[in-house]
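First the structure, in the form of structure tokens, and then the observations on it.
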Amino acid sequence: MIHIVTPQNMHLYQEEMEQAYRLRHRIFVDEMKWTDLAKPDGREIDQFDNEHAVHMLCIADGKVLGYQRMLPSTRPHLLSDVLPQLCEDERPVGAHIWEWTRYCVEPAHRERGRALSPVANALLSGIVEWGLESGINTIIIEMNPLWLLRLVQLHFRTIPLGLPQSVGGQDVVAVTASFDRRTLLRLQEMRGDSRRVLIQPQQTGPMRLAG
């Protein structure tokens, strides 16, 4: 199940957020070698972990198995302040557009082969459920270009914002990925389960944070 964490309920998830920050450090610093993100305490936290961020945690038996962060495009975010070179035209901005960042899954719970793992499917389904309930239909992603085909197969409509560039020794392309009810149905079909993955009440969602 996917838990949404915002300033309104952060006090209920202090231990889980600590796990999430340490998972981020293990994945992005130790595994992916983004050494500029390294922190002495082993917690990867940046300037965007603020009152406008929406954190999504995949939790099972008290353990954080996956994490992702959503940032409003109307506020400073990665594409606007850190990687503007990835966008060759006018940067997408709007209340219906949020940036998907810091996606990470515990190694033991990643996909084996082409199919999405249950944790990966739940995280993506969480974005779509949250978006459909919050007036959001597009996400900005900075990612490996190899993910483009997978997103299309999941029924996201993707538009590259520029050509791939090397970032931290890896090819990265910025895209917008729009979704609708068909995207959610596709994700549900792939996991063979139409039940809702979000458990957090929607009143902690983005509409209260974007102003």
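As a basis for the values below, the full set of heavy atoms in this structure was taken, side chains included, without hydrogen atoms, waters or symmetry mates.
Side-chain atoms of E129 and L184, non-hydrogen and from C-beta on, do get closer than 4.5 Å to each other. By the 4.5 Å heavy-atom criterion applied to side chains, I140 and H77 are counted as neighbours. Within the 4.5 Å cutoff, the side chain of W98 has heavy atoms near those of the V54 side chain. A 4.5 Å side-chain heavy-atom check between Q165 and L86 finds at least one atom pair inside the cut-off. Considering only heavy atoms from C-beta on, L187 comes within 4.5 Å of L154 through its side chain. Considering only heavy atoms from C-beta on, R43 stays 4.5 Å or farther from H25 through its side chain. A heavy-atom distance below 4.5 Å is not found between the side chains of L163 and V173.
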Point to revise | Full working for side chain to side chain contact (heavy atoms under 4.5 Å, CB included) between W100 and L124 | key: CA-CA 10 Å; W100 178 33; L124 282 169; 3.6 Å; yes
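For the residue pair T176 / T138, no side-chain donor-acceptor distance below 3.5 Å is found, with atom types taken as modelled. S125 and R196 share no donor-acceptor pair across their side chains, judged by distance under 3.5 Å alone. At a cut-off of 3.5 Å, with distance as the only test, a side-chain donor of T101 or R69 sits close to an acceptor on the other residue.
Here the CG-CD distance, from D193 to Q188, works out to 8.0 Å after rounding to the nearest 0.5 Å. Separating the CG atom in L83 from the CD atom in E99 is a distance of 8.0 Å, to the nearest 0.5 Å. Considering CZ of F28 and SG of C104, their distance stands at 5.0 Å, rounded to 0.5 Å.
A cation-pi arrangement is absent between R157 and F179, since the terminal nitrogen or guanidinium carbon is not both under 6.0 Å from the aromatic centre and inside a 45° cone about the axis.
The salt bridge (Lys or Arg N to Asp or Glu O under 4.0 Å) test with D49 is passed by exactly one of R102, K39, R24: R24.
Between H55 and Y67, the ring-plane angle classifies as tilted under the 30° and 60° cut-offs.
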